[in-house]
Structures are given as C-alpha cells and as structure tokens.
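Contents: one structure, followed by commentary.
As a basis for the values below, the full set of heavy atoms in this structure was taken, side chains included, without hydrogen atoms, waters or symmetry mates.
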Amino acid sequence: MRTQHHSVTNLAFRSFSTRRPGTPAYVLVHGIGMSHRYFRPLHHELATDAEVHAVDLPGFGGVPKPGRTPGIRETADALGRVLDELRVRDAVLVGQSMGSQWVVELARLRPDLTRGVVALGPVVDSARREAVTQALLLARDSALEPPRLNGIVVSDYLRCGPVWYARQAVHMLRYPIEERVSGVGVPLLLMRGSDDPIASQEWVERLAARAPIAEVAVIEGHRHLAHFTAPRETAERIRDFSSRARRRSAPAAGPARESPHPPAR
C-alpha cells in the first residue's frame, strides 16, 4: 500500500492506495471525525481483486487543518483533484456516514470520475436533523459497537479535536443530501446495517426514491459501522453493485432503461 500526501488550494489530503491496473477502482471516503483506519478491513477485502484508494480528508486522521472551514462542495471539488493526481477514473465512490455527502457531491461535480456511488449509513435524515438528536443516536449506536472499533473511533475523534468536528458538523447537518441525490447521474447504492439507529430503513428508502438510479441493501445484524464489523459481506455487495453499474453503462442497442433498480434486501 502506497501513502501519498496532497495539497489542493491549501487543503491537505492523504491517500492510501493499493494499485491493481486493469481492475475496477474504488475510492473510500470516511465520515466525520474518522480516518482511513476504520476502512482497513473493507480496503483489504476489496483489494483482493480491485484497485482501492482510501483518502483522509482535511483535518481528519492527523491531516493538517486548514485556516478555513471548507463546505461539502469545496472539499468534494478538491477531492476530485486529488483523484486526478492519483489518475483515478471510472471509479465507484464509497462514502460512509458524512462521507456519503462528499461522494454524492463529487459525483455531481465530476461525473467523469464516477462509475457509481455507494453511501454506507448515509446522513443526515431530514426528519431528524437536529444536532442533539444526531448526538443521541450516535451515542446509542456507539454503546453497542465492538470495543476494538470504539477504540479506533475515540482515538480518531481525539486527533480530529472538538473544534474541527463541530465546524464540520455544521456543514453535515445543513447538507440536503435528500435533494442532492437527484442530480447523481450514475447508479447509487444505499447500504445500512439492519440495526443502525442513525440511517433508518425509511430514510434510505426515501433517498432511493429521490435518486434517478438507486437500490437499497441491508447488512443484517449490524449497526452504523457495518463496513467494519461485516467487511466481507459489505465488499460482496459493493462488488455486485459495481458489476451491475458497469453493465448498465456498457454500450447497448436501443434506449437505456430509465426505471431504477428495485430495493434489494
């Protein structure tokens, strides 16, 4: 795995890449307060037969904090230029929690980079957008996640720090992902753990109904961080989705289908 540091308009990024030319490419984007570390099991699973890039965003995972607080669009635009430096094209963008906002925005801004989008535990439910509500849901989820995982979460939160977390949380709570998914022109997979209190089934189905081409997948018996607790099953779902997205975009005779995929359970 190769580590690289990037700077785009004074925003610092760090990438962790497993190169496998000629194979599907995946880009992993963490959620608020987190880093590439909680993606390691999923990165390992996907990298057995694909190229994988996990990216730490500005201010997270020990990456330097900028002198300003970039919004979702600015960070997504800069992330696209990082992927240009990495020569990534035709990738499936995988975002977890707040990471789903960055990858949805990137897909809108840079369709040339994007084969499909995977939103793992997407936030923020428009019916539960209050900061206090989200904090209580996060605490409820964390109480039942494995201790090893919570160790990663706590240490990453400490590296992020409360001030940067709070500044980014303002953008997270305001970003209307339920509106932005309507402009994603590639297939979208919305995936959640069946016991996730943050991204409910009703919420992800509502998002799927707003997107042009979307499907829903559920990892039974897992919570908000199902990609860590069930990396093999998560990777299998992502691979299957990627294959369908590639078949869909392949040249074919006659008009393309316009109806979305039905929700998959």
Side-chain angles (χ1 to χ4, degrees), residues 29-34 38 57 69 71-73 75-76 93-109 116-145 153 157 162 165-230 234 237 241 259-265:
V29 180
H30 59 77
I32 188 170
M34 299 305 298
Y38 79 153
L57 303 185
T69 307
I72 303 298
R73 182 185 177 92
T75 300
L93 308 178
V94 181
Q96 195 276 329
S97 198
M98 186 180 179
S100 63
Q101 299 181 351
W102 285 307
V103 298
V104 162
E105 194 63 23
L106 178 55
R108 290 173 57 98
L109 293 171
V117 174
V118 178
L120 305 171
V123 297
V124 174
D125 188 336
S126 58
R128 303 185 295 178
R129 185 157 271 154
E130 301 81 6
V132 172
T133 301
Q134 288 297 310
L136 290 173
L137 292 171
L138 178 61
R140 177 180 159 193
D141 180 75
S142 298
L144 295 176
E145 296 284 13
V153 172
Y157 278 13
Y165 187 102
R167 288 175 177 172
Q168 286 296 304
V170 170
H171 296 302
M172 179 184 75
L173 293 170
R174 290 177 177 172
Y175 184 76
I177 191 172
E178 69 279 6
E179 298 172 9
R180 304 301 282 171
V181 294
S182 65
V184 174
V186 295
L188 170 65
L189 172 62
L190 299 147
M191 194 185 312
R192 65 180 293 270
S194 63
D195 301 329
D196 183 352
I198 298 170
S200 69
Q201 186 68 20
E202 186 273 337
W203 164 238
V204 296
E205 289 180 354
R206 191 154 26 105
L207 284 178
R210 295 283 191 96
I213 311 166
E215 57 186 278
V216 173
V218 178
I219 307 295
E220 293 294 336
H222 293 268
R223 303 182 67 80
H224 191 56
L225 303 179
H227 68 283
F228 184 94
T229 55
T234 302
R237 299 292 187 95
F241 166 76
S259 59
H261 291 290
R265 304 291 169 86

Please name all residues satisfying side chain to side chain contact (heavy atoms under 4.5 Å, CB included) with V186, sequence neighbours left out, ordered by chain then number.
T114, V117, V184
Qualifying residues under side chain to side chain contact (heavy atoms under 4.5 Å, CB included), relative to S182, sequence neighbours excluded
none
Inter- and intrachain pairs under salt bridge (charged side-chain N to carboxylate O under 4.0 Å, His left out), touching residues 184-202, at least two apart:
E202-R206
Considering all heavy atoms, the nearest A230-I219 contact:
CB-CG2, 3.8 Å
Sorted by chain and number, sequence neighbours left out, side chain to side chain contact (heavy atoms under 4.5 Å, CB included) with E130 holds for T133
Which heavy atom of V216 sits nearest a heavy atom of A208, and at what distance?
CG2-CB, 3.8 Å
Walk me through whether R174 and I72 qualify under side-chain contact (heavy atoms from CB on, under 4.5 Å).
CA-CA 10 Å; R174 290 177 177 172; I72 303 298; over 6 Å; no
For R73, check salt bridge (charged side-chain N to carboxylate O under 4.0 Å, His left out) against everything at least two apart and list the hits.
E105
Checking the side chain of Q101 only, and the main-chain atoms of I177 only, is there a donor and an acceptor separated by less than 3.5 Å?
no
Counterpart residues, side chain to side chain donor-acceptor pair (under 3.5 Å), relative to E178 (two or more places apart):
R129
Shortest non-hydrogen contact from G221 toward S194
N-OG, 2.7 Å
Who are the side chain to side chain donor-acceptor pair (under 3.5 Å) partners of R128, not counting sequence neighbours?
D125
Would you name the heavy atoms of A199 and P122 that are closest together and state the gap between them?
CB-O, 3.6 Å
Answer yes or no: is there a side-chain heavy-atom contact under 4.5 Å between V103 and V94?
no
Roughly how far apart are L57 CG and Q168 CD, rounded to 0.5 Å?
8.5 Å
Interatomic spacing from CE in M191 to CZ in R237 - rounded to 0.5 Å
6.5 Å
So, S100 side chain and S97 main chain: donor-acceptor pair closer than 3.5 Å or not?
yes
Show the nearest heavy-atom pair for residues H171 and R167, with the distance to one decimal.
CD2-O, 3.6 Å
For R223, does its backbone N or O pair with a side-chain atom of E145 as donor and acceptor, under 3.5 Å?
no
Taking atom CD of Q96 and atom CZ of F228, what is their separation to the nearest 0.5 Å?
12.0 Å
Spacing of I198 atom CD1 and D141 atom CG [to the nearest 0.5 Å]:
4.5 Å
Working to the nearest 0.5 angstrom, can you tell me the gap between W102 CH2 and I32 CD1?
6.5 Å
Could you work out, with side chain to side chain contact (heavy atoms under 4.5 Å, CB included) as the rule, every residue matching A131, not counting sequence neighbours?
L173
Contacts satisfying ring pair (Phe, Tyr, Trp, His ring centres under 6.0 Å) that involve residues 194-227 (not counting sequence neighbours) are Y38-H227, F39-H227
Looking only at heavy atoms, the pair that brings L106 and A76 closest together is CD1-O, 3.4 Å
